[in-house]
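Counting begins at 1 with the first residue of the sequence. Heavy atoms only: backbone and side chains are in, while hydrogens, waters and symmetry mates are out.
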Amino acid sequence: MCMKDKKILITGGLGFIGRTLLEALITQKCGAKLYAIDIKDMPKDAELLRHNVEFQRLDIRDEIAVKNYIKNNNFDGIVHLAAVSRVVDAEKDKQNCIETNYKGTKYIAEAAAENPDCWMIFGSSREVYGEQNVLPVAENAELLPMNIYGFYKLEGERITKSTVKRNCILRFSNVYGNDYDIPTRVIPAFVRTAINGSEITLEGGSQVIDFTHINDTVQAIIKCMQMLDYKRFESETIHVLPGVANKITDIIDILREMGFRFSVKENPPRNYDVQCFVGDPSHLQETLGNVTVTDLRTGIKKLLEIYQRSSHD
């Protein structure tokens, strides 16, 4: 996996995917010099990152600060994960979504392009597709985002591809799987509620979702980093997902089969939520090769073990 002595920046390095990615790169001895920026301060419990990552608190909405930082460090590669990362948060604060997901990406891409040898991975989303009539969805499907989050993720893709010569767009789909995740996301919220024996709230309840485990997601990102570092491709757009149609109610069924007892409240669906999405993973497997797929039941079991272990610490 060696990217020996390469200087790699992870934006959003303290977020769910970013922190998990950094820890994987460290433990797998990737050989790169790792840098991270985030709008938050380094947590006290992040000892592994503290000793192995050059960290700087930085707001990607600050154009001058972003461009100076990237110029001064002359990175070999950038994995851009910093974002307003939930549809509901983007809907609540549209201006922050524009400033972060669109302008922040623009600043990073423009700064990366100053070094012609620097590659960039952009963390995008299945939200760029909106509702599709044909499933599973391939990467070349028509892009019809139906919410502000999806719209500005698509704009981020376009900026990355038009600005940075060596690039890869990774479209994630409902990533879950450890305790760095936002607690109010669907799977963490359902699992925590089940543990507590309280009430799960379904926003709609008929959604079909392509859930992706965080370990599979991080493995795909690392493989993509290697491909760009080895110059195996110049510009790609790749799904990172298993291609499995899981109903949102499958989570409830799995938790009940595990012995948890809780009530369920059903609210009307939100008008900005995509109701059905399943992606085609064939290009992922063909391009990056043998990316693992964790099934939903196994992923939920792993997450339960993490939550139960942390509650006993």
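For NZ of Lys40, the number of neighbouring non-hydrogen atoms (other residues, nucleotides, ligands) closer than 6.0 Å is greater than 12. The neighbour count for Lys161 NZ, taken as heavy atoms of other residues, nucleotides or ligands under 6.0 Å away, is above 12. Atom NZ of Lys94 is surrounded by more than 12 heavy atoms from other residues, nucleotides or ligands within 6.0 Å. No more than 12 heavy atoms of other residues, nucleotides or ligands shown are found within 6.0 angstrom of CD on Glu54. Within 6.0 Å of atom CG in Asn267, more than 12 heavy atoms from other residues, nucleotides or ligands are found, so the atom counts as buried in its surroundings. Within a 6.0 Å radius of NZ in Lys33, other residues, nucleotides and ligands contribute 12 heavy atoms or fewer. A 6.0 Å sphere centred on CG of Asn133 holds no more than 12 heavy atoms belonging to other residues, nucleotides or ligands.
The nearest pair of heavy atoms linking Pro242 to Val293 is CB-CG1, 3.4 Å. Gly204 and Glu266 get closest at one heavy-atom pair: O-OE1, 3.9 Å. Contact between Gly12 and Ala82 at its shortest, heavy atoms only, is N-CB, 3.5 Å. Shortest non-hydrogen contact noted between Gly299 and His213 is CA-CD2, 3.7 Å. When all heavy atoms of Gln275 and Pro269 are compared, the pair lying nearest together is NE2-CB, 4.0 Å. Taking each heavy atom of Met146 and Gly130 in turn, the nearest pair found is CG-CA, 4.1 Å.
Tested against Ser173, the residues Asp210, Val240, Val244 include a single side-chain contact (heavy atoms from CB on, under 4.5 Å) partner, Asp210. Each of Thr217, Asn178, Asn215 was checked for a side-chain hydrogen bond (donor to acceptor under 3.5 Å, both in side chains) with Thr20, and the lone residue meeting it is Asn178.
Linking Ile, Leu, Val, Met, Phe, Trp and Tyr whenever their side-chain heavy atoms come within less than 4.5 Å leaves Leu9 and Leu49 in two separate clusters. One hydrophobic cluster holds both Phe172 and Leu14 under the rule that ILVMFWY side chains link at heavy-atom gaps under 4.5 Å. Cluster membership for Ile209 and Tyr176, using ILVMFWY side-chain heavy atoms within less than 4.5 angstrom, is shared.
Ion pairing of Arg309 with Glu305 is absent here, as no side-chain N (NZ or NE/NH1/NH2) approaches a carboxylate O to less than 4.0 Å. Between Glu114 and Lys67 there is no salt bridge, since no side-chain N of the basic residue sits under 4.0 Å from a carboxylate O of the acidic one. Glu63 and Lys103 are not joined by a salt bridge, as no carboxylate oxygen comes within less than 4.0 angstrom of a charged side-chain nitrogen. Under 4.0 Å is where a charged nitrogen must lie from a carboxylate oxygen, and between Arg297 and Asp295 no such pair does. Salt bridge status for Lys6 with Asp229: present, with a side-chain N to carboxylate O gap under 4.0 Å. For Lys106 and Glu110, the salt-bridge test passes: some basic side-chain N is under 4.0 Å from an acidic carboxylate O.
For the pair Leu304 and Leu255, the minimum side-chain heavy-atom distance is below 4.5 Å. Ile8 places a side-chain heavy atom less than 4.5 Å from the side chain of Trp119. Counting heavy atoms from C-beta on, the side chains of Ile214 and Tyr180 never come closer than 4.5 Å. Contact of the Val274 side chain with the Val87 side chain is not registered, since no non-hydrogen atoms from C-beta on lie closer than 4.5 Å. Within the 4.5 Å cutoff, no side-chain heavy atoms of Asn174 are placed close to those of Val186. Looking at Ile252 and Phe262, their side chains come closer than 4.5 Å, going by heavy atoms from C-beta outward. With contacts defined as side-chain heavy-atom distances shorter than 4.5 Å, the pair Ile78/Phe122 does not qualify. Counting heavy atoms from C-beta on, the side chains of Ile251 and Ile187 come closer than 4.5 Å.
To the nearest 0.5 Å, atoms CD1 (Ile121) and CZ (Arg166) are separated by 10.5 Å. In this structure, NE2 on His283 lies 8.0 Å from CG on Leu288, to the nearest 0.5 angstrom. Separating the SG atom in Cys118 from the CG atom in Asn74 is a distance of 8.0 Å, to the nearest 0.5 Å. Taking CG of Leu284 as the reference point, atom CD of Glu286 lies at 9.5 Å (rounded to 0.5 Å). Taking CG of Leu154 as the start and OG of Ser125 as the end, the distance is 10.5 Å to the nearest 0.5 Å. Taking NZ of Lys153 as the reference point, atom CZ of Arg171 lies at 12.0 Å (rounded to 0.5 Å).
Under the rule for a side-chain contact (heavy atoms from CB on, under 4.5 Å), the partners of Ala90 that lie at least two apart in sequence or sit in another chain are Val84, Cys97, Ile148, Tyr149. The salt bridge (charged side-chain N to carboxylate O under 4.0 Å, His left out) check on Lys44 picks up nothing, with sequence neighbours excluded. In this structure Phe190 satisfies the ring-ring contact (aromatic ring centres under 6.0 Å, His included) test with no other residue, sequence neighbours excluded. In this structure, the salt bridge (charged side-chain N to carboxylate O under 4.0 Å, His left out) partners of Glu155, at least two apart in sequence or on a different chain, are Arg158. Scanning for ring-ring contact (aromatic ring centres under 6.0 Å, His included) contacts around Phe151 gives an empty result, with sequence neighbours left out. By the salt bridge (charged side-chain N to carboxylate O under 4.0 Å, His left out) test, Asp216 is found to be paired with no residue, residues two or more places apart in sequence or in another chain being considered. Contacts of Arg185 classified as side-chain contact (heavy atoms from CB on, under 4.5 Å), with partners at least two apart in sequence or in another chain: Phe16, Ser85, Arg86, Asp181, Ile182, Pro188. Judged as a side-chain contact (heavy atoms from CB on, under 4.5 Å), and not counting sequence neighbours, the contacts of Arg270 are Val88, Glu203, Tyr272, Asp273. Partners of Asp250 under the salt bridge (charged side-chain N to carboxylate O under 4.0 Å, His left out) rule, at least two apart in sequence or in another chain, do not exist in this structure. For the side-chain contact (heavy atoms from CB on, under 4.5 Å) test, residues two or more places apart in sequence or in another chain that qualify with Glu142 are Leu144. With sequence neighbours excluded, no residue forms a ring-ring contact (aromatic ring centres under 6.0 Å, His included) with Phe55.
In summary, the side chains of Glu236 and Thr287 do not present any donor paired with an acceptor at a separation below 3.5 Å, with no hydrogens or angles considered.
Within the structure, ring-ring contact (aromatic ring centres under 6.0 Å, His included) pairs that include any residue of residues 124-148 comprise Tyr129-His239, Tyr129-Phe277 (at least two apart or interchain).
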(Q) Apply side chain to side chain contact (heavy atoms under 4.5 Å, CB included) to residues Arg61 and Asn96 and explain how you reach the verdict. (A) CA-CA 9 Å; Arg61 296 172 297 184; Asn96 186 35; 2.8 Å; yes

(Q) Apply side chain to side chain donor-acceptor pair (under 3.5 Å) to residues Asn147 and Glu127 and explain how you reach the verdict. (A) CA-CA 8 Å; Asn147 52 53; Glu127 293 287 345; 2.9 Å; yes

